[in-house]
There are 4 protein chains.
Amino acid sequence: MLWGGRFKEKLDNDALRFSSSLHIDIELFDEDILVSQVHSEMLCKIGLITKQEQKKIINGLLQIKNEFQSGQWKPNPNEYEDIHSAIESRLTEIIGETAGKLHTGRSRNDQVVTDAKLWIKKAVKEVLKNIRSFQQTLLEISEKNIETIIPGYTHLQRAQPISFAFHLLAYVEMLERDKKRFLFVENESNQSPLGSGALAGSILPLDRNFTAKKLGFKESTKNALDSVSDRDFILDFLNAVSIGMMHLSRLAEELILWTSSEWQLVKISDQFTTGSSLMPQKKNPDMAELIRGRSGKIFGNYVSILTTLKGLPLSYNRDMQEDKAPLFESYYIYSESLQILTKIFRDIVVNKNRFIDQLKDSFILATDIADWLVLQGLQFREAHHTVGKIIKYCEEKNKSFTQLTLLELQEFNVIFNSEALTYLTIETSLKRKKTFGSPNPVLVKKQISYWKKKLSKG
Amino acid sequence: MLWGGRFKEKLDNDALRFSSSLHIDIELFDEDILVSQVHSEMLCKIGLITKQEQKKIINGLLQIKNEFQSGQWKPNPNEYEDIHSAIESRLTEIIGETAGKLHTGRSRNDQVVTDAKLWIKKAVKEVLKNIRSFQQTLLEISEKNIETIIPGYTHLQRAQPISFAFHLLAYVEMLERDKKRFLFVENESNQSPLGSGALAGSILPLDRNFTAKKLGFKESTKNALDSVSDRDFILDFLNAVSIGMMHLSRLAEELILWTSSEWQLVKISDQFTTGSSLMPQKKNPDMAELIRGRSGKIFGNYVSILTTLKGLPLSYNRDMQEDKAPLFESYYIYSESLQILTKIFRDIVVNKNRFIDQLKDSFILATDIADWLVLQGLQFREAHHTVGKIIKYCEEKNKSFTQLTLLELQEFNVIFNSEALTYLTIETSLKRKKTFGSPNPVLVKKQISYWKKKLSKG
Amino acid sequence: MLWGGRFKEKLDNDALRFSSSLHIDIELFDEDILVSQVHSEMLCKIGLITKQEQKKIINGLLQIKNEFQSGQWKPNPNEYEDIHSAIESRLTEIIGETAGKLHTGRSRNDQVVTDAKLWIKKAVKEVLKNIRSFQQTLLEISEKNIETIIPGYTHLQRAQPISFAFHLLAYVEMLERDKKRFLFVENESNQSPLGSGALAGSILPLDRNFTAKKLGFKESTKNALDSVSDRDFILDFLNAVSIGMMHLSRLAEELILWTSSEWQLVKISDQFTTGSSLMPQKKNPDMAELIRGRSGKIFGNYVSILTTLKGLPLSYNRDMQEDKAPLFESYYIYSESLQILTKIFRDIVVNKNRFIDQLKDSFILATDIADWLVLQGLQFREAHHTVGKIIKYCEEKNKSFTQLTLLELQEFNVIFNSEALTYLTIETSLKRKKTFGSPNPVLVKKQISYWKKKLSKG
Amino acid sequence: MLWGGRFKEKLDNDALRFSSSLHIDIELFDEDILVSQVHSEMLCKIGLITKQEQKKIINGLLQIKNEFQSGQWKPNPNEYEDIHSAIESRLTEIIGETAGKLHTGRSRNDQVVTDAKLWIKKAVKEVLKNIRSFQQTLLEISEKNIETIIPGYTHLQRAQPISFAFHLLAYVEMLERDKKRFLFVENESNQSPLGSGALAGSILPLDRNFTAKKLGFKESTKNALDSVSDRDFILDFLNAVSIGMMHLSRLAEELILWTSSEWQLVKISDQFTTGSSLMPQKKNPDMAELIRGRSGKIFGNYVSILTTLKGLPLSYNRDMQEDKAPLFESYYIYSESLQILTKIFRDIVVNKNRFIDQLKDSFILATDIADWLVLQGLQFREAHHTVGKIIKYCEEKNKSFTQLTLLELQEFNVIFNSEALTYLTIETSLKRKKTFGSPNPVLVKKQISYWKKKLSKG
C-alpha cells in the first residue's frame, strides 16, 4: 500500500475489490514504466537521487517489464489498488528500499493523467493507421465501380442515379474528417502534467520541462490544479470515436440492406458471414450488425464519462477513476470495427448490373428532365410541376418515362423536343453532371487520384 | 459450429474474435444448462427423443456443469461464438451424436432470450435481498439518531432543523420504491419464450406450456416474432438499476459532504477510507466517490442498449447480442454498491452534537416563527415578510434570533408575545411538528417501527 | 415575488429570464389551480381561514382560470419565476390581501411535485387511450392479412414465411407491455406530497389525508424530505416513453423499408407522404422517418433528467426545475407519434402478393425440411447439415428447392419421399405450424379475437 | 408547397403539424436569406437568370427581411413545412413567378446544411466572445486573491493549501481549451455544401466556388452525397458545448459549496440569489444550481443527435431534421450560462480569511513536511510513513502539528531540526513552492499577466 502510516485498520477486502482498478489500468503498464523511467532520470538530474540509485531503479523497471511481458509476473487485483501501486510494490521486492525514492515529488494524481495522455497519443496513431487502410480499400473498390450505376437514395427512396464509386467516396470523406478529429485530440493531449503533484506542485525543484520533453510532450501544463482535474482529452477522444463509429454504423446499415434479398447489390464472403443454428439456408451479415449495434456501447461510454465528471468539485476525485474502462473499450471496439470492415470490403462482390434495368423503367431521371426544361428557359418551379404531372400521367397509364412519345410529352409542354428523349437514358446520365462534387465519372476518377496521392503520403 | 452445411469457407479468425460473446454470456451458463435439461424433458415427453436419449443428454449436461464448476472445462472464446455453442460442442464430445438431437425445435434466438429472462429473475431476487439489508442498516442507525438534530437543506442552504433519523428515512423510502420497480421487472420477465424457434415457432408439436412451467415461468409468450425480438425486460431492469443507482449517488454525495472538514457530521471507518500516495494526512471517502462516479456507467449502459435497439427491424438482429455486457455489468456494480454502503453505514460514527450550537445562532427557525404568526391570525405572506425584515435587521445589527428581546420583536409586529420566544428553541422545534411525514420524533419512531415490521416479513 | 422580505436588491433581469420556468410550467396551470382550490378547502376545514375567505379564494381562482382559458390573462416570463408565483400574484390583484393566506403551510417545493404527479396521472390516461387506438387499428389491418404471406426476417435476411397479420401482432404485444409500464407509473404517482412543506412538514395542523383524497391520490407520502426530493415517477414515465418510442422506431424503420422500391410491400397514402423540392418523382415516408429520428430526442430526455439528478444532495435543489421540459416534450412527441401511426395504418395499402412468387424460388422453407427430416427420425444437427448441403448443391446448379426431383433429394438422404415435396409449398407452410404463438392462421385468428375482446373492455 | 405536382391529396393537417420544423428553423432566417441572395447572384453569373430577374429576387428577399424583423410577417407553422418553404412562398407573393427561378439547381438538402454551417460559424464567434469575457472576469478576481489562502481539495478532503487565485486560474485553463475546441468546430464548418443538390450535384453549370467564396467559406465540399448527409459539424459543436458545460457544472458545484453555511467562502450578491416562498431566511444560489442542472440537458442533446444519426443509410433522411432543436437549445443555454456566471463573479465577495485559522490547526502541510524530510536525505516512502505516524500520534494526543515540540518530532526521526518547524507555517507555504504551475504567488502573478496579455489580443 502506498499510504497507510496513519491508518489503524487496513482496507476491507470487499472495499479493495470494489475500488481496485488494476484489471483495467493494467492497460497503462507500458506508459507507467516509461513515466517512472523518465521521472527517475529527472530526480537524478536535480540531485534528489544518485546516479547509482537511478540505475538501480531503471534496471528494476526493466526487469518488471520483462517479467510482465513474459507472463512471469501477474499483479493481483485482490492485492493492489491499481497498476501504479503494483509496479511500485514489485520494484520494492526487486531493488529494496531505493524503490521508495521513486515516488519523490510525484502523486498518483499526476502520474495517472500523464500515463493516460501518453496512451491516448499512442492510440491516436493506431487509429489513424486503421482509418487510412480502410480508406485505401474503399478507393480500390471505387476504382472498379466508377461506371457501376446504382440509385442514390434520399428517405431510402430512389432519388437520382449515382455510381457505387461515388457512394463509397462519401465514406472516404467522412473518414478523412474522422482523422482530423483525432489529430485535434492528439494536439490536446500534448501537455505534460507530470510534476503537478497531487494538485499543487511541489516544494522540490522538479524539472517539469525535462520530463515533458523526454516523454515526447510539446510542453508542460500551466496549472497544477487543472492538470490533475482535467479529463477533456479523454472526452475529446470519445467524441472522435463516437462520430467515427456513427459513420461506420451508417455503412454497416447499408451493408445489411445491400446484402438483403431485396437489394442483392453486394455479397460478403463466407468468411465474414455466419449461419443459423436452426435455419440451414441463412447467411447473415453479423459483422455489420455488430458494428451497427456496438455504436450504442460507444455512445453510452461517452455519456458515462461526461456524467461522471458533471458537477465534480476540483481537483481529483476518485470518481475519475471511472474514465479508463470506457476509454479503452471504445478504442478497441472502434479499431476492430475498422479492421473488420476493411477485410470485408477487400473481398466484397458487387453485382454491377443489379439496378440498370430497373432504373430504366423508373422515374429516377425526373430531376434531369426538369433541369433540361430549365435549360430551355422554363422557370424551375414550373419545370418541377410539369414533370410531376407527367409522372402522375405515367402512373395512371402504367407507363414508364422511356415509353412516352414526343407527342405525349408535348401535351405537357410544347417546348419538349427530341433532345429531351436523350435525357432519359440512364447510361449517359452521370456524364451529364456538371458540378464539382457530382458523380460524373470524370470527376470521380479525379477524386480517386486525389485521394490515392494524398493517402500515399501517410 | 452450429451451422455451416452450406458454407464453403470457415469464419475468419478476426471475425470470430470480433463476434464471439462467449466471454460475456458465460454468465448465463447455469441458465443455459437448465433450459437444455427442461427442453430435453419436453422433447422426450412429445416423443421426439427416447427416454434413454434424454437420460444421456441430462447426464452429459450434469457432467459439463461439474467440469465447469471445478474449472476442468474452460470454453475458449477463440473457438466458439457463444456459451450455447460451446456447451453443445462439449456435449457432443461427451455423449456423441445424441447431442445433435438437443437442438431439435430450438433456435439460439429463443434459447438466449429464455436464458436471459431466467437470469433476470435470479438477479432480481439478489437485488431485493441487498436492498432490504441496506434498509435495515439504515433503520438501525436511524433508531439511534431520532434526537440528533441536523439542518435540513434546500439548495444546500440550511432550511429547517430535522433529525438525522428523519434524513435517513428518506432513503428508506427511495429504496422501497426501488424494490417495487424490480418487482415490476420480475413480473415482466415471467413469460417463457422457449419454443418460439428462430421467429416463427415450429411444425414440431413442441409443448411450450410444459417448458414454461418447469422453468418457473408464469406462462408462455403469445407471439413468436415478438418473443425473439423483445428486450423490454432488460431495459426495464436497467431503468430500475439506473434509478436505484441515482439514489445511491445522492447518498454518496451526502457522505462525501458529511465527511468533509467543513461538515464533520460523520466518520467512515478506516476500513472503508483510503489514503494518499503523496499526502500523509489524507483519509478519503473513496467508496462513496466510486459509487457516485459509477452512476455514469450505469446510465451509459441504459443509453447503450436503448440506442442499440433503436430502429431495428424485426426480428432478431445480431446487434441484440450487445444487450448482455451492459446488463451484467450494471447488475454487479449496483449490487456491490448496495453491499459496500451497507457495510459503511454499519460502522458509521455520527457526530451527534455537531450542529446544535451553530443552529442556535442561525435563522433556521424563521419558518416556525412565521407559522406562529399565522396561528396568531396574521396572513401568511405578511408573516413571511415580517420575519424577512427581522432577519435583515439582525444581519445589520449582527445579532441572532435568540438575542432579540420581546421589545425588539414587537417593533416589527405588536402581536409578538413571550410564547414567540419559546419558538426559537432548536431543541423543542421538532416536537412542535404536526403533520404526517414530518420529523416529529414521535412520528419518526412510528415510521421506524412500521419499517422494521414490514421488512422483517421479507 | 413570493419571497423578498430580507433582500436588498431585486433579481437581475437576465437572472430572472435565465431562471424563470414560466414558459414551461404553464403546462401545469390546471393542476396548480386545482391544488390551490383543495388546499384552501383544507385550510378552512382546520380553521386557518374562514369560510368567507375560502370562498373568495375559490372565486378568484375560477376567475383566473377563465381569464387564462379565454386568453385574457397571459402571464409574462419576464415578470414571474414560475406559474405558481404568477397565479398567486394574479390572485392578489383580484381578491387583495386574502390571497396571502393561500400559501399558508405550503411551499413551492411540495406544490410543484403535487402538480407534477397530477399531470402525470392525466398524461398516463391519454397515453393509454392512444395506445389502445393504435392496437385496434393494427388489429383491423391484421384481420385482413391473415393469409398475406411475407418473409419473416432475422438479420434482415429472409428466414421463414410468416403472415403480415402475425408480424403486426408482434407490435400489438409490444404496445400491451407499454401499457403495463404506464400503469406502473400511474401507481407510483399515486401518493400525495402536499403538506410536506419545504422539506420538513409544518407546525400547523395540516390535514394531508384530506387533500390527498380530494385530489384523487390513493394516500399521502410518508417522509416530507423524500417527498420534495423525489422525481422517480418522472423517470419512470420517461422510461416508459423511451421503450414505447423504441418500439415505434422499429415499426417506423419497417415502414421505411416496406415502402422502398426494393420492398414495395406497402403504400402509405399521399396524405402522409411528402415530396421533394427538387425531385418531382419523390414520395417520401417522412412521418416514419421523423418518428424514428425523434426517438433520439426521447432517449436524450431520459438521460438529461437522470444526469441532472445524479449526485444531488437532499432535499430540493433548483436543478430539479429542469425535469419538466423533457417530461412535457417527451409526452407530446410520443402521443403524436402514436396518433400519426394510427392514421397512417388506417389507410395503408398492402401489396398482398408481393412476395409469394419470390418465396417459391427461395430456400425459405429450409427449416421446415430439416424439421420434416427430424420427424422421419434424423437427429436435428444431421438434418440441418443435410439441408445445408442441398442448398449448396442448388446454388451451384442454379436451381431452387422446388425444381429438385425426388431422386436428387434422395442422393442426400434416402429417407426423402414424396411427402417431403409437399413441404416445399409456401402456401401450406403456415398451416403446418404447431406451436402456440406461431403464424398458423388458425392461431393468428384466435389471437386477433383475444385482443379484440380484451381491448373492447378498455 | 415546394413539391406536389404528382400528389393527389394534400398533406394531412396533423401530419403537417407533426412534421413542420418552422417554429425551430426560423432561427436560420438570416442565413437562409443570405444563401438565397448569393445563390441568385450565381444563377445570374452563369446565365440562368437575367440581371433584372436577379434584382427582383434580391429586392424581394430584402423586403421579406424587413417584414420579418419588424414583425409584419410571421410565417405560420400550420401552413409551411419549414422556413425555406415559407420564404419561397412569401417571395412568390411579392415578386410573382420569378420567385420560381430561385430554386433552380438547389435542393432543400444542400440549402439547409449550408444555412446550418453559416449559423454555426456565427454561433462560434459569439461563444468565443462570451468565454473570453468570463476569463477576463475570473482574472480580475484572481488578481485580488493571489494571497487568499484556501485549502485545495482532493476527494473533497483538504489536501494542501493553495490560493483562491490559483483555483480560479484552473478554470481559465479549462475555458481556454474550450475555445480551442470551438475553433476546431469553426474550421470543420468551413466547406460550402451549396450546389450539391439533393445528393448528386446537377447537370446545370452551377459555380460552387463562387457561392462558397461569397458566403465566406474556405472552399467547397468534395462529394455531393456526403455533403447532404453530413452533420459532423453539429456533433462537434455539441461536444464542445458539452465539455464546456461540464466545466461550468464543476464551477457551479463549487459555488454552491462555497456559499453554504459550512463553507462560507464567498457571497453571491442579492441580484443573483433567490429566496423561498416559505422560509423567510433563505438565500439560494439558484443560478449555479440551474447551470449545474442544465448540463443534463446539454449532454442529453448530444446523445439525442448521435442516436438519431446512428444507422441512417445515405443520403438525407428526414430524421436529420431533428438536429436543429438540440443545436439551438444547447447554444443558448451555454451562452447564457457563461454570461450569468460572468455577472455573478463580477460581484462576488470573497471571505479572504475564512480558512486561515482552521488551516493552522490542521495537518494540511503534511506533504511539505514529508518533502522537507526528503530534502534532508530520507527516501520518500519512509518520509511519508513517518509523517503518517506523527499524525496518528497527534490525533491520539488531540494536538495539532504546530503544537508539537522539536523534541516530540525528534522521537519520530532525529533528523528533525528547527528549520522543520518553519515548514509548518501556512502563511509561507505557498512561497516555498518550486514547480512551474504551482500556487507560488510569484508564478501565479506571472500567469495572470500572461493571460491578460493573451486575452487582450482577442
Side-chain angles (χ1 to χ4, degrees), chain B residues 5-6 100-101 103-104 152 154 160 162 169-170 173 177 184 195 199-206 208 222-226 232 235 239 243 246 249-250 253-254 292 295 299 306 309-313 315-317 368 371 374 379-381 385 388-389 391-392 432-439, chain C residues 5-6 100-101 103-104 152 154-155 160 162 169-170 173 177 184 195 199-206 208 222-226 232 235 239 243 246 249-250 253-254 292 295 299 306 309-313 315-316 368 371 374 379-381 385 388-389 391-392 432-439:
Chain B
R6 74 173 285 209
K101 297 208 163 180
H103 213 64
T104 310
T154 62
Q160 296 183 35
I162 59 172
L169 283 179
E173 293 283 341
R177 282 197 298 278
F184 173 76
L199 75 156
S202 179
I203 65 166
L204 303 172
L206 310 171
R208 295 188 59 206
K222 295 202 291 284
N223 178 288
L225 193 65
D226 173 53
D232 289 6
L235 284 166
N239 173 58
I243 299 181
M246 180 269 285
S249 82
R250 299 183 77 166
E253 170 85 4
E254 301 208 295
R292 184 180 60 184
S295 60
F299 302 171
L306 206 46
L309 291 172
K310 175 228 159 190
L312 285 192
S315 61
Y316 182 81
N317 299 280
D368 283 7
D371 281 347
V374 165
Q379 55 108 314
F380 178 73
R381 275 286 154 254
H385 203 76
K389 282 192 293 187
I391 291 168
K392 205 198 281 182
R432 281 194 300 266
K433 296 282 178 185
K434 291 280 184 302
T435 50
F436 178 69
S438 72
Chain C
R6 74 171 286 210
K101 298 208 162 181
H103 213 63
T104 311
T154 62
H155 309 259
Q160 296 183 35
I162 59 172
L169 283 179
E173 294 282 340
R177 281 197 300 278
F184 173 77
L199 75 157
S202 179
I203 66 167
L204 303 171
L206 311 171
R208 296 188 58 208
K222 294 201 292 284
N223 179 288
L225 193 64
D226 173 54
D232 289 6
L235 284 166
N239 173 58
I243 299 181
M246 180 270 286
S249 82
R250 299 183 78 166
E253 169 85 3
E254 301 207 294
R292 183 179 60 182
S295 61
F299 303 171
L306 206 46
L309 292 172
K310 175 228 158 190
L312 285 192
S315 59
Y316 181 80
D368 282 8
D371 281 348
V374 164
Q379 56 106 318
F380 178 73
R381 274 286 155 255
H385 203 77
K389 282 192 294 189
I391 291 167
K392 206 199 280 181
R432 280 193 302 265
K433 296 282 179 186
K434 291 279 184 302
T435 51
F436 177 69
S438 72

ask   = Can you check whether B:Asp232 reaches C:Met246 side chain to side chain, under 4.5 Å on heavy atoms?
value = yes

ask   = Between B:Leu225, B:Ile162, B:Thr104, B:Leu169, which has the largest tally of heavy atom pairs under 4.5 Å with chain C?
value = B:Leu225

query = Side chain, backbone, both or neither: which part of C:Arg208 has a heavy atom under 4.5 Å from chain B?
reply = side chain

key: Pairing residues for C:Asn239 by the side-chain hydrogen bond (donor to acceptor under 3.5 Å, both in side chains) criterion, not counting sequence neighbours   = B:Asp236, B:Tyr302

request  = Quick one: list whatever passes side-chain hydrogen bond (donor to acceptor under 3.5 Å, both in side chains) with B:Asp226, sequence neighbours left out.
outcome  = C:Arg177

ask   = Could you state the interatomic distance from OG1 (B:Thr154) to OH (C:Tyr316), rounded to the nearest 0.5 Å?
value = 9.5 Å

inquiry  = Would you compute the distance between atom OG of B:Ser202 and atom NZ of C:Lys434 and round it to the nearest 0.5 angstrom?
reply    = 9.0 Å

key: Within-4.5 Å side-chain heavy-atom neighbours: B:Leu199 and C:Gln160   = yes

ask   = Side chain, backbone, both or neither: which part of C:Leu204 has a non-hydrogen atom closer than 4.5 Å to chain B?
value = both

ask   = Do B:Arg292 side-chain atoms and C:Gly311 backbone N/O form a donor-acceptor pair below 3.5 Å?
value = no

query = Relative to chain C, which segment of B:Leu235 carries a heavy atom at a distance below 4.5 Å: side chain, backbone, both, or neither?
reply = both

key: Part of C:Leu306 lying under 4.5 Å from any heavy atom of chain B   = both

key: Pairwise distance OG(B:Ser315) to NE2(C:His155) - rounded to 0.5 angstrom   = 8.0 Å

inquiry  = Measuring from atom NZ of C:Lys101 to atom CZ of B:Phe380, what distance do you get when rounded to the nearest 0.5 angstrom?
reply    = 13.0 Å

Heavy-atom pairs under 4.5 Å with chain B, option from C:Val374, C:Ile243, C:Ile391 with the top count = C:Ile243

Structural part of B:Ser295 lying under 4.5 Å from a heavy atom of chain C = side chain

request  = Heavy atoms only, distances under 4.5 angstrom: which of B:Gly195, B:Ser438, B:Ala224 has the most pairs with chain C? Name it, please.
outcome  = B:Ala224

ask   = How many angstroms lie between OG1 in C:Thr435 and CG in B:Leu206, if you round to the nearest 0.5 Å?
value = 6.0 Å

inquiry  = Let me confirm one number: the NZ-CD distance from C:Lys310 to B:Glu253, rounded to the nearest 0.5 Å.
reply    = 8.0 Å

inquiry  = If you count heavy-atom pairs within less than 4.5 Å of chain C, which of B:Pro439, B:Gly201, B:Ser249 leads?
reply    = B:Ser249

Check: B:Arg250 side chain, C:Leu312 main-chain N or O, donor-acceptor pair, under 3.5 Å = yes

